[in-house]
Amino acid sequence: MAWKKEPLPPYQDASQPVEARVRDLLSRMTLREKAAQMAQIERSVADRSAMAHHSVGSVLNSGGSVPRPSASAADWADMVDQMQRWALSSRLGIPFIYGTDAVHGHNNLLGATVFPHNVGLGATRNGDLARRIGEVTALEVRASGVHYTFAPCVAVCRDPRWGRCYESYGEDTEIVRMMTPIVSGLQGSPPEGHPAGYPFLAGSKNVVACAKHFVGDGGTDKGLNEGNTICSFEDLERIHMKPYLDCFAQGVCTVMVSYSSWNGRPLHSDRYLITDILKDKLGFKGFVISDWEGIDRLTKPLGSNYRYCVSASVNAGIDMIMVPHRYDKFLEDLIYLVEAGEIPMSRINDAVERILRVKFIAGLFEHPFSDRSLLNVVGCKEHRALAREAVRKSLVLLKNGKDPAKPFFPLNKNAHRILVTGSHADDIGYQCGGWTITWHGSSGRVTVGTTILDAVKEAVGEQTEVIYEACPSPATFANQDFSYAVVVVGEVPYAEFLGDRTELNIPLNGTQTVNLVAGEVPTVVIVISGRPLVLEPELLDKIEALVAAWLPGSEGGGVTDVLFGDHDFEGTLPVTWFKSFHQLPMNADHQSYDPLFPIGFGLRMGLDSGTQEEV
Ligand code: GLC
C-alpha cells in the first residue's frame, strides 16, 4: 500500500490563492482564537501563555522598550523568533506579526541609520528619495526580525503648535502626497494594475507599513495633540484624506486610527469614517489598528468602562486593538460582547479576515523567522550615505549674506580659525529628535552618528583651526579672531503631547547665544528643530546666514556637504515660517497670510551662477 501523503490544509498550502487560505483558516478558528488575533500586546507581556496558549495576533514595543539596554539587531531577532516559536506551537500555528515605530529609520535600534524626520524630508519634495529611505528602513527593520512598522505618518500638520509636527511631511496636502512613495519603499512596489486598497508586500526584505493616523490628526484646533479637528467632511477629504488614497494605490497593508476627534466625535468610535468611508467607499482591504490604548480613551477616566470601549471601537470597524497590556481583559470583554450579541460575528470575521490576509501576503506563514543574513546591513555605510544625501537635500537656506550681492555661502573650508558653538553643535540626540532610542528622545551620544561639529572638523582644511564652545561668552572672543562662527541652536527632543507648545522661542537661550556671537564675528545660524521657531528681526539682521536643518538624524555630514559648497541647497519650506507665535494658525490659503518666510521659500547659493536665487 503506497503511503499516501495527506494534502496540506489550504491555509498551509502556499500554492493556494490568499483569499482561499484566509477562508479556510477562518473556518477552523474558534471565537477565542479569533479574538486573540485581534489583540496587539506590548513585548513585556508577550510570554509563552500569550503567544502559544492564546495565540495573540501581534506584538509591539513602545518607544524605548527594547530586549535589553543597547540590544543589537541579533538580540532583537532572538526575541522576535522566540515569540514566533511560541506562536507557531499554538493549535493552528498562526504566526504573529511584530510591529515597531521605525519612523525615521529603525530608530529604536542602537546603531541603526537614523534618517531626517518627515518635516525635513518634506523640504525635499522628493518622492523617490522617500521610497529609497523606505527600502533601507525595511532592510534594517527586517534585519532585527521585525515584520511591521507604524509608518508613514501622513498627517497634514496645519498648526506647528502640535507636538507631532515633525512627523508630518508638511502643512500642504500635496507635499504629503509627494512623499507617500515611502510605502513602496517599505513594502515593495505593487505590479501595474494592483487593486487600490488591497494589501501588498513584495518579499521578506520588505515590511508591512501603516498609514497613520486616520484621519485629521494634523488639523486639530490649536494644534492640540489628540484634540478636535473642526471642519466639514469636504475639507477633511480635501486636506487630510487624500494621502491615504496614495497609500492605498501602493497597497499599504494597515491603517492606524487617530486619537483625535472630528467635530467632537472620537475617531476610535467613528463607524462612519472607519467603515462607511475607509473600508466601504475607499475600498481598504488591509487591517485597521487602534492607537496605543486608543480605545481606553473613549471613556474617562481612561478605560473606566472597558467593555463599552471594546464594543464601540470594534463595532466602528477597528480590526486590531493595540491593547497593549491587559489582553486577558480585552479577550474576556470581546468574547462576552460577541456572545451577548453586542458585536456581530460578521464584524469579528471581517476583522480576522483582514488580519490573516495581511499575514498571508506578508509571507509570515512561509517565512516566519528572521533572516540573519541581513544583520550586517544595520547602519552600514551605504545606508548612512543615503541618510547623508537626505540631510543635505532637506536643508533650507533662508538667508545668504547681509548684503544679497555678497552671498556668505559657501563657507571657506580653509579659513584661519572657525568657531563652532551652540547647544546643538555636538549632540546626536538633539539632531535626531524624538522617537530615537527612547520615545521622547534625549541629549547626548544616544546612538552612532556624526554631529555637526564632527562634520565640520572632517570637512575643513588641515590649516584651519576649529574651536568648539558649547556655551560661548565674551571671553571666547578675547585674544582670538575668528573668520566666522557656525552657531547651531534649536529644540530639545519631544514626542506627542510633550511637544505641544504655547510658545516657540529657541530653547536653551538660543537667541541669546546667537546675539552674543553675531555681535563679535560673522555668524551662520543652523536651526535644529521639528518646526519653525520665532526669529526676532534684529537677530536676523545681525547674522550673515540662516539655515533650517530640521531634525537631520545621525548623519551630520549632510549639513557640511552644503555649508562648504560640495553641494548646493535645494530644500524649500514644507511649512510656513511665521513671524510671531500669535499669528498661528496661519496657512497659505488663509486671508491674512503674512509669514517671515512663506511655504515653498528656499534660496540657492547658485554655485554655478555665483548669485543667490530662490530654488
Ligand atoms: C503612539 C503613537 C503612534 C504609535 C503608537 C505605538 O502613542 O500615537 O503613532 O505608532 O503609539 O507606539
Side-chain angles (χ1 to χ4, degrees), residues 123 391-422 424-425 452-453 455-456 459-461 464 466-467 472 477 481-490 506 510-529 532-550 552 556 558-573 576-579 595-615:
V391 171
R392 66 176 171 79
K393 291 181 174 178
S394 67
L395 303 179
V396 181
L397 179 56
L398 298 173
K399 179 178 182 180
N400 185 12
K402 284 183 180 176
D403 174 355
K406 295 177 187 158
F408 198 74
F409 281 118
L411 299 181
N412 177 2
K413 59 172 66 174
N414 297 305
H416 167 57
R417 181 182 294 119
I418 305 173
L419 172 65
V420 178
T421 184
H424 289 51
I452 292 171
L453 173 64
V456 168
V460 297
T464 299
V466 177
I467 303 292
F477 304 93
D481 63 325
F482 294 98
S483 309
Y484 56 82
V486 177
V487 183
V488 192
V489 291
I506 305 176
T511 300
Q512 291 82 328
T513 300
V514 172
N515 277 314
L516 166 69
V517 176
E520 299 284 348
V521 295
T523 294
V524 168
V525 174
I526 314 284
V527 179
I528 301 291
S529 65
L533 299 175
V534 173
L535 300 168
E536 281 87 7
E538 52 279 3
L539 174 138
L540 266 182
D541 291 343
K542 280 174 82 170
I543 63 177
E544 286 289 348
L546 174 66
V547 176
W550 315 108
V559 175
T560 49
D561 288 344
V562 181
L563 297 192
F564 293 107
D566 298 338
H567 293 271
D568 202 343
F569 289 92
E570 55 185 274
T572 55
L573 289 180
T576 296
W577 203 291
F578 47 84
K579 284 176 180 165
L596 181 62
F597 302 106
I599 186 170
F601 182 83
L603 299 174
R604 288 173 60 86
M605 279 186 257
L607 289 178
D608 34 7
S609 65
T611 58
Q612 64 177 326
E613 67 220 21
E614 280 204 39
V615 173

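Predicted model, so just to flag it, every value in this text is computed and none were measured.
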Nearest heavy atoms of [X] and [Y], plus distance in Å:
| X | Y | result |
| --- | --- | --- |
| T464 | A415 | OG1-O, 2.7 Å |
| N414 | G461 | OD1-CA, 3.5 Å |
| V489 | G422 | CG1-CA, 4.4 Å |
| P472 | V517 | CG-CG2, 3.8 Å |
| A123 | S394 | CB-O, 3.4 Å |
| D541 | K399 | O-NZ, 3.8 Å |

Report the distance from atom [atom1] of [X] to atom [atom2] of [Y], rounding to the nearest 0.5 Å.
| X | Y | atom1 | atom2 | result |
| --- | --- | --- | --- | --- |
| R604 | D568 | CZ | CG | 4.0 Å |
| E536 | N515 | CD | CG | 7.5 Å |
| T421 | L453 | OG1 | CG | 10.0 Å |
| K579 | F597 | NZ | CZ | 10.5 Å |
| Q512 | I506 | CD | CD1 | 9.0 Å |
| R392 | L563 | CZ | CG | 13.0 Å |

Any donor-acceptor N/O pair, T572 side chain to G602 backbone, under 3.5 Å: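 Between the backbone of G602 and the side chain of T572 there is no qualifying donor-acceptor contact (under 3.5 Å).
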Sidechain-backbone polar pair: E544 side chain, K402 backbone, donor-acceptor under 3.5 Å: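 The answer is yes, because a donor-acceptor pair under 3.5 Å joins these two groups.
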With a 4.5 Å heavy-atom cut-off, do [X] and [Y] have their side chains touching?
| X | Y | result |
| --- | --- | --- |
| V396 | W577 | no |
| V534 | F578 | yes |
| P410 | M605 | yes |
| N412 | S483 | no |
| P552 | I528 | yes |
| L398 | F601 | yes |
| V562 | F409 | no |
| K542 | T523 | no |

Go through the steps to decide whether Y484 and V521 satisfy the test side-chain contact (heavy atoms from CB on, under 4.5 Å), and finish with yes or no. CA-CA 6 Å; Y484 56 82; V521 295; 6.0 Å; no
Going by the side-chain contact (heavy atoms from CB on, under 4.5 Å) test, name the single residue among I467, I526, V456, V487 that passes it with V420. V456
Can you say whether the rings of F482 and F477 are parallel (under 30°), tilted (30 to 60°) or perpendicular (over 60°)? perpendicular
Take L540 and L596 through the side-chain contact (heavy atoms from CB on, under 4.5 Å) test and state the conclusion after the steps. CA-CA 11 Å; L540 266 182; L596 181 62; 3.8 Å; yes
Could you walk me through whether H424 and I452 pass the side-chain contact (heavy atoms from CB on, under 4.5 Å) test, one step at a time? CA-CA 8 Å; H424 289 51; I452 292 171; over 6 Å; no
